[in-house]
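Just below is one structure, and these are the notes that go with it.
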Amino acid sequence: MANLKEQVVFITGASSGIGAACAHAFASGGASLVLAARRLDRLQAMEADLLKAGAGAVHVAGLDVRDQPAVQSMVERLPERFRNIDVLVNNAGLSRGLDKLHEGELNDWEEMIDTNVKGLLYVDRAVVPGMVARESGMVIHIGSIAGSQVYPGGNVYCATKHAVRALSQGLRIDLLGTGVRVVSIDPGLVDTEFSQVRYHGDTRKGKMTYLGMTPLEAEDVAEAVLFAATRPGRVQVAEMLLLPTDQAAAVHVHRRRG
Ligand code: NDP
Ligand code: 8X3
């Protein structure tokens with residue numbers, strides 16, 4: 001098992017949900033953390049807890065992954081001790097709306113495509129060359145069941161996650177022989193701020209997503225990420241679909257009544 005104490009782990013979208021849970025999981029293993037998200041105040045508020053949990057060191061950065069020059073410059077200007085990134089958890093992402101495609105909001109489409117596809121690419125492009133030069137590293141994309149299945153109103157979000165799946169597969173081929181591994185962790189329903197964001201802050205609608213069923217918790221996904229990140233160098237967890245017991249497919253969810 002890889003020793004996380006010697007590793008630098010860069011997590012995008014670390015201010016909430018799966019990204020924040022990954023930060024805590026890697027901190028417990030003693031890794032040094034680079035955490036990015038737009039809400040810098042939240043990252044700063046996490047810092048002391050992460051150090052207490054065992055993180056070797058923590059560097060936080062306010063970053064919008066849609067801003068390519070900002071992504072590049074953040075990675076290039078990392079303090080010396082964080083510069084050699086061993087594990088990238090490329091997690092920042094969101095859904096907006098569940099409109100039928102022919103009734104969709106263009107702003108929602110732009111935001112999802114710019115964040116989930118272009119933002120993920122900008123981060124990979126900034127980080128992976130260093131891994132290739134060092135002949136080691138791991139890129140972990142947080143995909144989704146929406147990367148292999150579609151559901152009503154999921155159109156553009158599902159398209160972005162299908163793109164993430166293609167990018168994971170393509171990157172794995174491009175990196176063959178470099179020693180850099182590519183992992184896709186693909187969850188089903190996870191109880192985070194994701195559904196609130198999908199409904200533009202409507203918490204009541206957001207909670208309805210999980211009505212009568214038990215979703216995954218962010219920590220469940222973080223454990224899968226940690227598992228992938230700690231395999232021996234010969235092992236590449238290419239894809240992992242992680243579902244709640246109450247979910248069999250994107251649209252097949254068991255809900256209890258009453
Ligand atoms: P949350 O809304 O809880 O977290 C999303 C994170 O992404 C936040 O930290 C947010 O930080 C960050 N983020 C969003 N946009 C940007 C941006 N432009 N630049 C930088 N950071 C950004 O949702 P989850 O934890 O659930 O989502 C994490 C990932 O998991 C996403 O890629 C999502 O698609 C995927 N996923 C989620 C599932 C679920 O059911 N919850 C299931 C399958 C996959 P901030 O707002 O501070 O910038
Ligand atoms: C998030 C899971 O089913 O809402 O990717 O698309 S789902």
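Since the structure is predicted, the reported quantities are computational estimates derived from the model, not experimental observations. What you see below is based on every heavy atom in this structure, not just the backbone, and it leaves out hydrogens, waters and symmetry mates. One-based numbering, in listed order, for ligands and for the atoms of each. Sequential numbering from 1 along the given sequence is applied to the chain's residues.
Under the 3.5 Å distance criterion, the side-chain polar atoms of Arg181 are left unmatched by any main-chain donor or acceptor of Gln236. Between the side chain of Asn116 and the backbone N or O of Leu94 there is at least one donor-acceptor pair closer than 3.5 Å. Under the 3.5 Å distance criterion, the side-chain polar atoms of Arg96 are left unmatched by any main-chain donor or acceptor of Trp109. Counting only distance, with no hydrogens or angles, the side chain of Arg255 and the backbone of Leu211 share a donor-acceptor pair below 3.5 Å. A donor-acceptor contact shorter than 3.5 Å links the side chain of Asn90 to the backbone of Leu120.
Taking the centre of each ring, Phe194 and Tyr199 stay at or above the 6.0 Å mark.
Here the heavy atom of the protein found nearest to atom 19 (N) of ligand 1 is Val65 N, 3.0 Å. At the shortest separation from atom 25 (O) of ligand 1 among protein heavy atoms lies Ile18 N, 2.8 Å. Of all protein heavy atoms, the one closest to atom 17 (C) of ligand 1 is Arg38 NE, 3.6 Å. Of all protein heavy atoms, the one closest to atom 22 (C) of ligand 1 is Ala92 CB, 3.7 Å. Nearest protein heavy-atom contact of atom 43 (C) of ligand 1 is Pro187 O, 3.3 Å.
Residue Asp124 forms a side chain to side chain contact (heavy atoms under 4.5 Å, CB included) with just one option from Val182, Leu167, Val139, and that option is Val139. Under the side chain to side chain contact (heavy atoms under 4.5 Å, CB included) test applied with Leu189, the options Thr209, Asp246, Leu216 reduce to a single match, Thr209.
Using a 4.0 Å cut-off to heavy atoms of Tyr151, the atoms of ligand 2 that qualify are 3 (O), 4 (O), 6 (O), 7 (S). Near Ser16, meaning under 4.0 Å from any of its heavy atoms, are these atoms of ligand 1: 1 (P), 3 (O), 4 (O), 8 (C), 9 (O). Shown in contact with Gly143 at under 4.0 Å from a heavy atom are these atoms of ligand 1, numbered in order with element: 43 (C), 44 (C). Atoms of ligand 1 found under 4.0 Å from any heavy atom of Arg66, numbered from 1 in the order shown, are 18 (N). Every atom of ligand 1 is numbered from 1 in the order shown, and the set under 4.0 Å from a heavy atom of Gly17 is 3 (O), 25 (O). Those atoms of ligand 2 with a heavy atom of Arg198 less than 4.0 angstrom away are 4 (O). Short contacts between ligand 1 and Ser15, defined as distances under 4.0 Å to a heavy atom of the residue, involve ligand atoms 8 (C), 9 (O), 10 (C), 11 (O), 45 (P), 47 (O). The Ser144 neighbourhood of ligand 2 comprises atoms 1 (C), 2 (C), 5 (O), with distances under 4.0 Å to a heavy atom of that residue. With ligand atoms numbered from 1 in the order given, ligand 1 contributes 19 (N), 20 (C) to contacts under 4.0 Å with heavy atoms of Leu63. Remark: ligand 2 atoms within the under-4.0 Å shell around heavy atoms of Ala146 are 6 (O).
Between Val190 and ligand 1, at least one pair of N/O atoms sits closer than 3.5 Å. Remark: ligand 1 and Ile145 share no N or O pair separated by less than 3.5 Å (distance only, no angle test). In terms of polar-atom proximity, Thr192 is counted as a contact of ligand 1, with an N or O under 3.5 Å from an N or O of the ligand. Some N or O of Gly13 is nearer than 3.5 Å to an N or O of ligand 1, by distance alone. Considering both main-chain and side-chain atoms, Tyr210 never comes within under 3.5 Å of ligand 1 through any nitrogen or oxygen pair. Considering backbone and side-chain atoms alike, Gln247 places every N or O at 3.5 Å or more from each N or O of ligand 2. No N or O atom of Leu94 sits closer than 3.5 Å to an N or O atom of ligand 1.
Under a hydrophobic-cluster definition in which Ile, Leu, Val, Met, Phe, Trp and Tyr are linked whenever side-chain heavy atoms come within less than 4.5 Å, directly or via other members, Leu242 and Ile145 are assigned to different clusters.
Contacts with ligand 1 closer than 4.0 Å are made by no heavy atom of Asp114, backbone or side chain. Contact annotation: for Lys161 versus ligand 2, there are no heavy atoms closer than 4.0 Å. When non-hydrogen atoms are compared, ligand 1 lies under 4.0 Å from the backbone of Leu189 (N, CA, C, O) but not from its side chain. At a heavy-atom distance under 4.0 Å, no atom of Arg42 approaches ligand 1. Only the side chain of Tyr157 comes within contact range of ligand 1, with a heavy atom under 4.0 Å; no backbone atom does.
Checking Asn91, Thr209, Val123 against atom 32 (O) of ligand 1, the nearest heavy atom belongs to Asn91. Scanning Ala222, Gly93, Ser144, Gly19 for the heavy atom closest to atom 5 (C) of ligand 1 points to Gly93. Ranked by closest heavy atom to atom 18 (N) of ligand 1, the top entry among Val221, Asp64, Leu216, Ile185 is Asp64.
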(request) Starting from the C-alpha separation in whole Å, work towards a yes-or-no answer on side chain to side chain donor-acceptor pair (under 3.5 Å) for Arg256 and Thr214. (result) CA-CA 10 Å; Arg256 287 163 286 278; Thr214 307; 3.3 Å; yes
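Scanning both residues, Arg42 and Ser16, for their nearest heavy atoms gives NH1-CB, 3.7 Å. Residues Phe82 and Ile85 share a closest heavy-atom pair of O-CG1, 3.8 Å. Counting all heavy atoms, side chain and backbone alike, Lys161 lies closest to Ser144 at CG-CB, 3.8 Å. In terms of heavy atoms, Ala20 sits closest to Ser15 at CB-C, 4.3 Å. Here the shortest heavy-atom pairing between Gln247 and Val253 reads CG-CG2, 4.1 Å. Across every non-hydrogen atom of Met112 and Ser95, the tightest pair is SD-CA, 3.7 Å.
For the ligand labelled ligand 1, residue Gly188 lies inside the 4.0 Å heavy-atom shell. For the pair Gln196 and ligand 1, no heavy-atom separation below 4.0 Å is found.
Counting heavy atoms from C-beta on, the side chains of Asp220 and Val190 never come closer than 4.5 Å.
Inspection of the His141 and Ser184 side chains reveals no N or O donor paired with an N or O acceptor under 3.5 Å.
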